[in-house]
K.L.:
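This is the structure I want to talk about, given as structure tokens.
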There are 2 protein chains.
Amino acid sequence: MKKNQLPVKTLERLILYKRLLSEVQNRGQQTVYSHQIAQLVGNSAVQVRRDLMQIGFSGSSRNGYVIKDLLQAIEKTLNNAYQQKMILLGVGNLGKAILTYFTCQQPLFNLVAAFDNDPNKVNRVIGGCRCFPLEKLDELVKQEQIKLAILTVPAFEAQNLANKLIYLGIKGILNFAPVTLKVPDSVICEQMDIMLQLEKLAFLTQQKDEVNYAKV
Amino acid sequence: MKKNQLPVKTLERLILYKRLLSEVQNRGQQTVYSHQIAQLVGNSAVQVRRDLMQIGFSGSSRNGYVIKDLLQAIEKTLNNAYQQKMILLGVGNLGKAILTYFTCQQPLFNLVAAFDNDPNKVNRVIGGCRCFPLEKLDELVKQEQIKLAILTVPAFEAQNLANKLIYLGIKGILNFAPVTLKVPDSVICEQMDIMLQLEKLAFLTQQKDEVNYAKV
DNA sequence: TTCACGATGTGAATCATTTCACAGGGGCAA
DNA sequence: TTGCCCCTGTGAAATGATTCACATCGTGAA
Ligand SMILES: NC(=O)c1ccc[n+]([C@@H]2O[C@H](COP(=O)([O-])OP(=O)(O)OC[C@H]3O[C@@H](n4cnc5c(N)ncnc54)[C@H](O)[C@@H]3O)[C@@H](O)[C@H]2O)c1
Ligand SMILES: NC(=O)c1ccc[n+]([C@@H]2O[C@H](COP(=O)([O-])OP(=O)(O)OC[C@H]3O[C@@H](n4cnc5c(N)ncnc54)[C@H](O)[C@@H]3O)[C@@H](O)[C@H]2O)c1
């Protein structure tokens with residue numbers, strides 16, 4: 001097995017570059033320098049160049065990078081990541097927000113269906129996406145060959161539901177519940193942990209404040 | 001200046017340990033081994049021990065760690081991070097979900113007020129938190145000495161609002177808008193980038209799939 | 001045509017994080 | 001009491017990420 005794997009950190013930055021380059025392009029700009037990208041993304045120019053090196057993209061030393069080509073190169077690397085079908089489970093407050101956001105704003109992903117076990121939520125259309133009862137899960141996942149799921153159910157339900165999803169063939173889970181899911185090696189689970197980030201932020205600001213005091 | 005800074009990665013894990021240990025404790029367990037924590041958090045036992053080393057906490061070789069003491073030690077490290085006051089800006093779909101979650105579930109933080117510039121949202125109570133018009137921002141932030149803010153406004157408003165917040169003395173921002181905010185060194189900005197995580201997930205699962213094919 | 005400048009691309013150094021490997025300790029069984 | 005087992009704590013190695021430093025190149029000005 002080769003080690004041509006893109007480092008995850010680089011992957012994350014490439015996604016940022018892409019987003020940002022689209023904007024810049026929409027403003028009519030044709031080329032960028034690494035230090036411009038760096039500036040916009042809060043980065044160093046060397047790091048940008050290294051990242052582009054990873055995907056084998058070259059610019060010209062005089063004009064920097066041609067935005068159109070660069071975007072294409074990044075998209076080619078991320079390629080098959082787009083337009084993958086996905087489902088969402090748990091149409092509560094958070095789930096609804098995400099559903100709405102998706103269907104309004106994001107042409108990138110294909111959010112096929114939502115599921116909930118609350119009879120009041122079922123069979124309604126929320127943010128352009130139909131909400132099905134849990135009983136339909138099997139059928140739909142198999143039929144549509146879904147590989148990705150967003151989990152916005154209560155924490156104590158998350159592992160159970162994840163197990164079911166995995167059993168049905170889901171390969172990637174974006175989990176908002178504040179629990180660490182046990183998943184087999186063949187499945188990837190990303191954690192969106194809002195509270196954790198907040199605690200972290202609270203700690204870091206407070207710590208920085210102390211350092212500032214110490215300096216004085 | 002000393003280098004007694006807690007590594008960020010360790011910080012994140014400590015928060016997880018804390019969360020998890022509370023649960024375990026509630027189930028009546030008194031002590032844990034590092035490998036048990038590791039198991040629950042999806043980690044290695046060595047890493048757990050190293051993390052605890054960082055905060056100078058010791059267990060006994062026969063019985064592992066006393067949960068009560070360990071929790072206390074972690075809380076002591078994170079100490080002042082709790083009960084800090086914070087505000088939320090942008091009471092849209094996402095903002096509402098977070099507000100509701102907070103006031104219902106999280107005794108950890110003190111979400112003091114929400115702000116929006118939409119007259120329809122203003123002066124209502126959402127999830128137990130009052131929504132103020134933007135004009136009240138100055139007054140309230142200064143009066144209550146707010147240091148933390150959650151940003152759930154549209155992307156194109158985010159930087160402006162962030163500038164204002166920083167000017168008013170905010171030191172930490174949790175930003176949900178998909179833009180990289182420019183902030184001075186004295187301010188910390190954490191990004192909660194849902195779409196980025198999804199793209200990442202989509203890429204990784206798809207990549208893993210390819211690797212699996214290659215194996216066969 | 002030549003030179004100098006301001007970019008890129010990249011080996012090597014540095015810094016950060018994780019893992020390895022093992023010393024040390026304490027209790028329990030015999 | 002002895003020996004063993006399973007734990008913790010940690011120096012040192014390995015791995016991963018970032019930064020430094022510089023060779024290189026293409027262009028525009030002289
Ligand atoms: N809302 C937030 O800001 C926020 C922040 C951090 C974490 N979270 C986490 O996100 C998750 C959802 O939060 P929320 O605020 O939307 O909660 P919520 O209670 O509003 O929504 C949960 C939804 O899941 C549904 N559900 C319950 N069990 C289910 C099952 N077995 N199958 C399918 N659907 C099921 C419920 O009917 C409900 O609609 C929770 O785990 C929460 O801890 C939310
Ligand atoms: N909802 C999601 O799932 C989701 C996912 C990813 C990212 N985001 C990001 O989160 C942010 C909010 O998303 P949303 O779905 O809640 O959008 P939304 O449009 O529902 O909410 C935005 C809110 O901000 C308010 N607002 C606008 N300008 C303001 C200003 N200057 N000051 C104060 N309030 C202002 C609006 O009145 C509105 O209530 C956006 O930046 C979006 O890109 C949301």
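So you know, we letter chains A, B, ... as the sequences are listed, proteins then strands, and number each from 1.
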K.L.:
From the set D:dC7, D:dC6, D:dT19, return the single nucleotide nearest to any side-chain atom of B:Y33.
P.N.:
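The closest nucleotide is D:dC7.
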K.L.:
Got a salt bridge between B:R19 and A:D193, using NZ or NE/NH1/NH2 to carboxylate O under 4.0 Å?
P.N.:
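A:D193 and B:R19: salt-bridged.
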K.L.:
Looking at the side chain of A:R62, which of C:dG27, C:dC5, C:dG25 is the nearest nucleotide?
P.N.:
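Per side-chain heavy atoms of A:R62, the pick is C:dC5.
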K.L.:
Is the shortest side-chain N/O distance from B:Y65 to OP1 or OP2 of D:dG9 below 4.0 Å?
P.N.:
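For B:Y65, the contact criterion (side-chain N or O under 4.0 Å from OP1 or OP2 of D:dG9) is met.
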K.L.:
What contact category does B:T10 fall into here, base, sugar-phosphate, or nothing, at under 4.0 angstrom with non-hydrogen atoms?
P.N.:
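Answer is nothing: B:T10 stays at 4.0 Å or more from every strand.
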K.L.:
If the cut-off is 4.0 Å, is B:S34 near the phosphate of D:dT8, judged by side-chain N/O to OP1 or OP2?
P.N.:
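For B:S34, the contact criterion (side-chain N or O under 4.0 Å from OP1 or OP2 of D:dT8) is met.
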K.L.:
How many Å lie between CD1 on B:I37 and C1' on D:dG9, as a whole number?
P.N.:
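One finds 14 Å between C1' of D:dG9 and CD1 of B:I37, rounded.
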K.L.:
I'd like to know if A:R49 reaches the base of C:dG11 with its side chain, counting only an N/O donor and acceptor under 3.5 Å.
P.N.:
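Result: no qualifying N/O pair found.
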K.L.:
How long is the line joining CG of B:N63 and C1' of C:dG25, in whole Å?
P.N.:
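In whole Å, C:dG25 C1' and B:N63 CG are 12 Å from each other.
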K.L.:
Between B:K200 and A:E190, does any side-chain N to carboxylate O distance fall below 4.0 Å?
P.N.:
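Between A:E190 and B:K200 there is a salt bridge, with a charged N closer than 4.0 Å to a carboxylate O.
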K.L.:
Report the distance from atom CD of B:Q47 to atom P of D:dT15, rounded to the nearest whole Å.
P.N.:
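The answer, rounded to whole Å, is 16 Å.
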K.L.:
For A:Q30, look at atom CD and say whether over 12 heavy atoms of other residues, nucleotides or ligands are found less than 6.0 Å away.
P.N.:
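No.
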K.L.:
Taking NE2 from A:H35 and P from C:dG6, how many angstroms apart are they, rounded to a whole number?
P.N.:
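Nearest whole value for this atom pair: 11 Å.
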K.L.:
Whole angstroms only, please: what is the NZ-P distance between B:K9 and C:dA16?
P.N.:
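Rounded to the whole Å, the gap is 13 Å.
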K.L.:
If you take atom types as modelled and just measure distance, does the side chain of B:R50 reach the base of C:dT19 with a donor-acceptor pair under 3.5 Å?
P.N.:
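Such a pair is found, so the answer is yes.
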K.L.:
Find the distance between SG (B:C129) and CG (B:N110) and round it off to the nearest 0.5 Å.
P.N.:
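Output value for this atom pair is 9.5 Å.
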K.L.:
Whole angstroms only, please: what is the CD-P distance between A:Q5 and D:dT15?
P.N.:
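Rounded to whole Å, this separation is 16 Å.
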K.L.:
Looking only at side-chain N and O atoms, does A:S58 come under 4.0 Å of OP1 or OP2 in C:dG9?
P.N.:
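Yes, within the criterion.
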K.L.:
Tell me whether the OP1 or OP2 atom of C:dT19 has a side-chain N or O from B:S44 closer than 4.0 Å.
P.N.:
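Yes.
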K.L.:
Between B:T10 and B:D51, is any side-chain donor less than 3.5 angstrom from a side-chain acceptor?
P.N.:
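Note: B:T10 and B:D51 side chains meet the donor-acceptor criterion.
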K.L.:
Take the protein atom CD of B:Q54 and the nucleotide atom P of D:dT8, then report the distance between them rounded to whole Å.
P.N.:
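Atom CD in B:Q54 sits about 17 Å away from atom P in D:dT8.
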K.L.:
Within this structure, what is the CZ-to-P distance between B:F57 and D:dG9, rounded to whole angstrom?
P.N.:
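In whole Å, D:dG9 P and B:F57 CZ are 9 Å from each other.
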